[in-house]
Amino acid sequence: MTMLTQTVLYTDIDGRARWRDEPCLLSEGTPAARLTPLQASGGLQWRSSPVGFKSDFHCTTTPQWLVVLQGRMEIGLQDGSSRQFGSGEYFYSNDTLPVGASFDSKLHGHCSRQVGDEPLVTLFVRT
């Protein structure tokens, strides 16, 4: 494998959250241990969310990677679509409020919730 697919949550030009998949080249390391180029980070946080956790619609304040370590998480968008991520899955969250905009809970952002009977444990890595 010489490439991974990264899932990205982003703010489109109309201010709405959308998904896109981007290629991530594994151009470093060795054939037995392929690596991406080193990426900078601005710190990390772990989060534990109990069974039943659900957020309101919100925007990401600082772009960050979200990695699911335990449990299952669903991210919902304003258009009614959603994606679920389980243990070992990740996405880049860059759904920030458009410059100069005031948050509108009927237009902007995404919501998240814990799915199933296992608490949700996630890791956030800021970029």
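Remember, it's a predicted structure, so these values are computed and weren't measured experimentally.
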Side-chain heavy-atom pair Y90, L4 within 4.5 angstrom cut-off: yes
Steps toward side chain to side chain contact (heavy atoms under 4.5 Å, CB included) verdict (T122, V67): CA-CA 6 Å; T122 54; V67 181; over 6 Å; no
From CG (L123) to CG (L69), nearest 0.5 Å: 5.5 Å
Check against side chain to side chain contact (heavy atoms under 4.5 Å, CB included), F103 and C59: CA-CA 8 Å; F103 182 74; C59 287; 3.9 Å; yes
Under 3.5 Å donor-acceptor, D12 side chain and D14 backbone: no
Backbone N/O of C111 and side chain of S55: donor-acceptor pair under 3.5 Å: no
Check: H110 side chain, F57 main-chain N or O, donor-acceptor pair, under 3.5 Å: no
Apart from V99 itself, residues in the same hydrophobic cluster as defined by side-chain heavy atoms under 4.5 Å: none
Atom pair NZ (K106) and CZ (R16), whose distance is rounded to the nearest 0.5 Å: 11.5 Å
Derivation and outcome, side chain to side chain donor-acceptor pair (under 3.5 Å), residues T60 and T96: CA-CA 5 Å; T60 302; T96 55; over 6 Å; no
Donor-acceptor contact present, side-chain T30 to main-chain A33, <3.5 Å: yes
Between OG1 on residue T11 and CG on residue L107, distance to nearest 0.5 Å: 9.5 Å
Criterion salt bridge (Lys or Arg N to Asp or Glu O under 4.0 Å) on R83 and D21, from CA distance to verdict: CA-CA 13 Å; R83 286 196 185 186; D21 291 331; 3.6 Å; yes
Minimum-distance pair of heavy atoms, taken over all atoms of P63 and N94: CG-OD1, 3.1 Å
Check against side chain to side chain contact (heavy atoms under 4.5 Å, CB included), V125 and Q64: CA-CA 5 Å; V125 181; Q64 58 194 346; 6.0 Å; no
S82 to G76 - nearest heavy-atom pair and separation: CB-CA, 4.0 Å
ILVMFWY clustering at 4.5 Å (side-chain atoms), partners of M73: L9, W19, L66, V68, I75, L77, F85, F91, L120, F124
Steps toward side chain to side chain contact (heavy atoms under 4.5 Å, CB included) verdict (Y10, E22): CA-CA 12 Å; Y10 71 102; E22 295 180 349; over 6 Å; no
Residue pair Y92 / T127, side-chain donor-acceptor N/O under 3.5 Å: yes
Donor-acceptor contact below 3.5 Å, side chain Q78 vs main chain H108: yes
From CA spacing to verdict: side chain to side chain donor-acceptor pair (under 3.5 Å), R72, Q84: CA-CA 7 Å; R72 193 148 196 83; Q84 289 191 11; 2.9 Å; yes
Nearest heavy atoms of S49 and Q114, plus distance in Å: O-CG, 4.5 Å
Exercise: identify the closest heavy-atom pair between C24 and T36: SG-CG2, 3.2 Å
Residue pair G15 / P98: nearest heavy atoms and the distance that separates them: CA-CG, 3.9 Å
Nearest-0.5 Å distance, CZ of residue F53 to CZ of residue R47: 4.5 Å
Rounded distance (nearest 0.5 Å) linking atom CD of E28 with atom CG of L38: 8.0 Å
Main-chain N/O of P119 paired to Q70 side chain as donor or acceptor, under 3.5 Å: yes
L35 atom CG, neighbour heavy-atom count above 12 within 6.0 Å: yes
